[in-house]
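Notes follow the structure.
None of the values given here were measured: they were computed from a predicted structure. Each chain gets a letter, A, B and so on, in the order the sequences are listed, and its residues count up from 1.
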Amino acid sequence: MRLAFREAFLAFRRAPVLSLLSITTIAFSLFAFGLFGLVALNIHDQLNQLEDRVEIRAFVVNGTTPEATSAALGDIASFPEVATVKLVSSDEALAKARSELGEFSDVFEAGILPASIDVKLKEGYRDPATVAAVAARIKNYDFVDDVRFGEEWVQKLYRIRTIATLSGAVLGLAFAGVAVIIIGSTIRMAVLARSREISIMRAVGATDGFVRMPFLIEGALKGTLGGLLALLLTWLANVLLGKFVFTAEFFGAHYAIAGVAAGALIGLLGSAFSVGRHLRAV
Amino acid sequence: MVRFTHVFKEFPRAGLALNDVSFHVGKGEFVFLTGPSGAGKSTVLKLIFLEERPSKGEVRVSGVSSATIRGRDVPRLRRKMGVVFQDFRLLEDRSVEANVAFALEVTGADASTIAPKVSRLLGQVGLASKATSLPRELSGGEQQRVAIARALANDPVVLIADEPTGNLDDRATRGIFQLLRDINASGTAVIMATHDLELIKRAECRMIEMNHGAIVFDSAERAGMGMEPDAL
């Protein structure tokens, strides 16, 4: 193992330009991935904040007895999807409307707005299907006149989120594929450059695993260095963005470590695919 | 030690390279393999080294059959063989001692045994004073001695030399040949492919001559040593 590491490090010294080239290409691939990840992360944060506002409002028919509504409140609160449930009386609705409308506050007369049951859903139950299902159940009460839950708005929100996630996954995979191909090519060049050494290794009885090991280590090292460089570039981009445009969230430690580990894995995979194929030709 | 039994080797493009080759090399023998270019000498060496497998027939090396050995066991078998090439195949950016040590390192030798063994091997090939030189600072004959020291690193039972004197002048050729004889005298079998008929004549060793992929002459058979594989 010591020899395999020495050989892998020697490869950097023997072909510094090639090594630097592969590290920077991996770094740029991961940097692009990192930038997209940053955008996705911030969209997600924004979406989560918007999502908190998803609520169902059930308008109560005038003249409904307090017993009926309070029984319904208890019922609804026991739904597994429901986080909070609150009765907004006609007077409260009027006060709220007046405060929100400012100078037009006197257009409303007392009793013009119906009382409502406002329901907030738990996190994870705010998708359009669940919201619609809960709304339908609430509508079943005789005293419920109408239910509003911003159906279109909820669906749009989710569509944006799905598109963002899918684009992230597709672009991420494409970038990872490019990085694997780049690493594969550099390893191919390294294998060809070291064909003499490999033929000697085989001639003296080195096992295939032993011959492969330095290349795998080399690929993983390049991937790790590329990952670290990409992390640095993404961080710098985030700092510049914060300074000149707007402050955005940065990845937490877990994501940063996962990013660098992904670099190492991409490097390792690129080497593994390439080394097996090209060693046979040496 | 090395036994070919009705071996045929066909390459997809080049066609038939070996045509029903049978011979046996015993422990401690010294055998020349000769013949014109394209006669099949290199193919025989590649088959001994299990770099290639026979299309038909069987090659046995140190009791292991080409028909049954698994790919992953080939490296272990190769450690019982030493190989020397015409072009030396040294690592140009490493010293003489590093080149020899390389063979021990890649086969997982105990680190503490490497330095004394390298020193002994370089002494054996007469290059103790050039341990720290780079290959390009050595003559052709000296470079081939380094390659031989490397080939001996794992104490092989058979040394395979493919035209080891092909790039050397007369004086260096005699030196390398004498070294191979000394190695042979200590019990290691040597199979040496060469074009050098003068060398073969002078040496009075067993000679197998090949042409068009077949053995056309084996001095052991003529001397009545009875090396017919079917009888072995």
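- By the neighbour-count criterion of 12 heavy atoms within 6.0 Å, atom CZ of B:F8 is densely surrounded, having more than that number from other residues, nucleotides or ligands.
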May I have a list of the donor-acceptor pairs under 3.5 Å that connect chain B with chain A?
{"unit_1": "B:R79", "atom_1": "NE", "unit_2": "A:G205", "atom_2": "O", "d": "2.8"}
{"unit_1": "B:R79", "atom_1": "NH2", "unit_2": "A:G205", "atom_2": "O", "d": "2.9"}
{"unit_1": "B:L90", "atom_1": "O", "unit_2": "A:R196", "atom_2": "NH1", "d": "3.1"}
{"unit_1": "B:D93", "atom_1": "OD2", "unit_2": "A:R14", "atom_2": "NE", "d": "3.0"}
{"unit_1": "B:R94", "atom_1": "NH1", "unit_2": "A:E7", "atom_2": "OE2", "d": "3.1"}
{"unit_1": "B:R94", "atom_1": "NH2", "unit_2": "A:E7", "atom_2": "OE1", "d": "3.2"}
{"unit_1": "B:R94", "atom_1": "NH2", "unit_2": "A:E7", "atom_2": "OE2", "d": "3.3"}
{"unit_1": "B:R94", "atom_1": "NH2", "unit_2": "A:E197", "atom_2": "OE2", "d": "3.3"}
{"unit_1": "B:E105", "atom_1": "OE1", "unit_2": "A:R6", "atom_2": "NH2", "d": "3.2"}

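- Few gaps surround CZ on A:F251; more than 12 heavy atoms of other groups in view lie less than 6.0 Å from it.
- Contact record, A:A206 with B:P75: O-CB, 3.6 Å, taken as the closest heavy-atom pair.
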